[in-house]
Amino acid sequence: MKKVTKVITWVFILGLSFITIFPFIYMILGGLMSFSETTSIPPTLIPHHLHFENYIQVFQQAPFLKYFVNTVITASIDTVCVLITSLLAAFALTTLDFKGKKFVKLIMVALLMVPSEAIIFTNYNTIVQWGLLNTYVGLFLPFTTSVFYIYYLNSYFQGIPRSIYEAAKISGASNWEYVWKILVPMSKPALTTVGLLSFISGWNSFLWPLLVTNNDNMRLLNNGLSNFVSEGGAQTQLQLAAATLTVIPILVIYFIFRKQIIQGVTRDGIKG
C-alpha cells in the first residue's frame, strides 16, 4: 500500500511539474518557430527549422533595448527604495517603543487586505497632477514602499533576540549603527528575498506603466509586447521570442540567488 501511495504521489508531482513547466518550454520553442507553425491547428510543438532571425526582428521592429533599460532602471530603483523603507519601518515596529505602535500594526494588517487595483487610479490622479507622466519618477514612485514587505521583515526580526539590541545599546551603539552593522548582516536572507521579490515585481509590471506612459520610449518590457500586433493580427512568433527575452534575466537571477530565497522563507538565517 505504501508503494502504491508513493507512486501516486510521484505521478501527481510530476504531472503538476509538467503543467507548470510546459508553458515556458513552449514559449522558448515558439520563439524559434515560423508564424504558420505558431498559429497552426493542431499546434506545432517542435519547430521544423530554428528561426533565430525572430530575435533579430524583435530588436528591429521595436525599441526592445530601450524597454530593457527602462525596466532595469525602474525595477532597480523600486528594489532599493523598498529595501530601505521596509528595513527601517520593520526595525521601528519590532524594536522601538512608541505610542500607537499596536494601532500602526493593526492598520498595516488591514492594508494587506486592500488590493492594489483599488488605489491604482488614486495614484494615477496624483501622478497626473504632479506632472510626472512619461517619467521614471512616475513609474517607480508609488512602489517605493510596501506594507507586505514591512510586515514580512517585522515577522523575521521578531525572531532575533532583543538581548542583541540591548547589548548593542549598552556598548554605546546608536540605532543607526545597530541597524546597519548588526541587523542587516543578520538578516541577509530575508533582505535578499525582499530585494528579489521586489525586483521581480517591478520587472513584471504591466498595468501601471500602461497607465502612466503614452510615449513608446518610456514603456517597459511587458508593455512592449504589444508592438508585435498589427492590423493583420499578432505576430505570435515575435511575441514568444520577446517574451523569452523578458523571462530569461529573471530566471538567471533566481538560479543565482535561489539558496538565499529559500533561507529567507524558511528563516534559516536566524539562529539562537
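The analysis underlying the following values was restricted to heavy atoms, covering all of them including side chains, and did not include hydrogens, waters or symmetry mates. Values in this document were obtained by computation on a predicted structure and should not be read as measured data.
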Less than 4.5 Å apart, any side-chain heavy atom of Leu29 and any of Pro47? yes

Closer than 3.5 angstrom, by distance alone: can the side chain of Asn134 be matched with the main-chain N or O of Asn214 as a donor-acceptor pair? yes

Run the side-chain donor-acceptor check on residues 65-74: report pairs under 3.5 Å with partners two or more places apart or on a different chain.
from	atom 1	to	atom 2	distance (Å)
Tyr67	OH	Asp216	OD1	2.8
Tyr67	OH	Asp216	OD2	3.0
Tyr67	OH	Asn227	ND2	2.3
Asn70	OD1	Tyr136	OH	2.6
Asn70	ND2	Lys66	O	3.3
Asn70	ND2	Asn217	O	2.7
Asn70	ND2	Arg219	O	3.1
Thr71	OG1	Tyr67	O	2.7
Thr71	OG1	Leu221	N	3.1
Thr74	OG1	Asn70	O	3.0
Thr74	OG1	Thr71	O	3.3

Transitive ILVMFWY cluster of Leu210 at side-chain heavy atoms under 4.5 Å: who else is in it? Phe206

Is the shortest side-chain heavy-atom distance between Phe22 and Leu45 below 4.5 Å? yes

With the 4.5 Å side-chain cut-off for hydrophobic clustering, are Leu50 and Ile56 part of the same group? no

Identify, with sequence neighbours excluded, every residue that meets side chain to side chain contact (heavy atoms under 4.5 Å, CB included) alongside Trp176. Leu88, Ser174, Trp180

Can you confirm whether Lys181 is buried at NZ, in the sense that more than 12 heavy atoms of other residues, nucleotides or ligands lie under 6.0 Å from that atom? no

When rounded to the nearest 0.5 angstrom, what distance separates CG in Leu211 from CD1 in Ile120? 5.0 Å

Would you list the atom pairs, donor with acceptor, under 3.5 Å between side chains in residues 241-250 and any protein atom, with sequence neighbours excluded?
from	atom 1	to	atom 2	distance (Å)
Thr244	OG1	Met27	O	3.4
Thr244	OG1	Leu240	O	2.8
Thr246	OG1	Ala242	O	2.9

Between Phe18 and Val11, is there a shared hydrophobic cluster once you connect ILVMFWY residues whose side-chain heavy atoms come closer than 4.5 Å? no

Are Phe64 and Leu220 connected, step by step, through hydrophobic side chains (Ile, Leu, Val, Met, Phe, Trp, Tyr) whose heavy atoms are closer than 4.5 Å? no

Asn175 and Phe91: side-chain contact (heavy atoms from CB on, under 4.5 Å), yes or no, with the steps? CA-CA 9 Å; Asn175 287 331; Phe91 161 72; 4.0 Å; yes

Are Gln237 and Glu37 close enough that some pair of their side-chain heavy atoms sits under 4.5 Å apart? no

Taking the side chain as everything from C-beta on, heavy atoms only, tell me whether Leu197 gets closer than 4.5 Å to Tyr152. no

By side chain to side chain contact (heavy atoms under 4.5 Å, CB included) - contacts of Phe12 (at least two apart): Leu16

Is there side-chain contact between Thr38 and Thr44, with heavy atoms separated by less than 4.5 Å? no

Hydrophobic cluster (4.5 angstrom, side-chain heavy atoms) - remaining members for Ile13: none

List the residues meeting side-chain hydrogen bond (donor to acceptor under 3.5 Å, both in side chains) with Tyr151, not counting sequence neighbours, and say none if there are none. none

Should we say atom CD1 of Ile46 is surrounded by more than 12 heavy atoms from elsewhere, each under 6.0 Å from it? no

Listed partners of Ile127 passing side chain to side chain contact (heavy atoms under 4.5 Å, CB included), at least two apart: Leu132, Leu133, Leu141, Trp208, Val212

Taking only residues two or more places apart in sequence, or in another chain, which ones meet Thr144 in a side chain to side chain contact (heavy atoms under 4.5 Å, CB included)? Cys81, Phe140

Would Val184 and Leu191 satisfy side-chain contact (heavy atoms from CB on, under 4.5 Å), going step by step from the backbone distance to the final call? CA-CA 8 Å; Val184 169; Leu191 294 173; 3.9 Å; yes

So for atom CZ, which belongs to Phe98, do other residues, nucleotides or ligands contribute more than 12 heavy atoms lying within a distance under 6.0 Å? yes

Hydrophobic cluster identity match, Phe121 and Val114, side-chain contacts under 4.5 Å: no

side-chain hydrogen bond (donor to acceptor under 3.5 Å, both in side chains) contacts touching residues 89-102 (sequence neighbours left out): Thr94-Asn154

Any side-chain heavy-atom pair of Phe199 and Val194 under 4.5 Å: no

When you look at NZ of Lys169, are more than 12 heavy atoms from neighbouring residues, nucleotides or ligands closer to it than 6.0 Å? yes

How would you list, by chain and number, every residue that makes a salt bridge (Lys or Arg N to Asp or Glu O under 4.0 Å) with Glu166, sequence neighbours excluded? Arg162

Below 4.5 Å, heavy atoms only, C-beta onward: do Tyr26 and Met33 meet side chain to side chain? yes

Are Tyr178 and Tyr165 an aromatic pair by the rule of ring centers under 6.0 Å? yes

Using a 6.0 Å cut-off, check whether atom CZ of Phe24 has over 12 heavy atoms from anything other than its own residue. no

Run the side-chain hydrogen bond (donor to acceptor under 3.5 Å, both in side chains) test against Glu53 and tell me which residues pass, sequence neighbours left out. His51

Treat each ILVMFWY residue as a node, draw an edge where side-chain heavy atoms are under 4.5 Å apart, and state whether Leu183 and Ile84 are in one component. yes

Between Gln235 and Gln61, is any side-chain donor less than 3.5 angstrom from a side-chain acceptor? yes

Are Leu238 and Tyr55 close enough that some pair of their side-chain heavy atoms sits under 4.5 Å apart? no

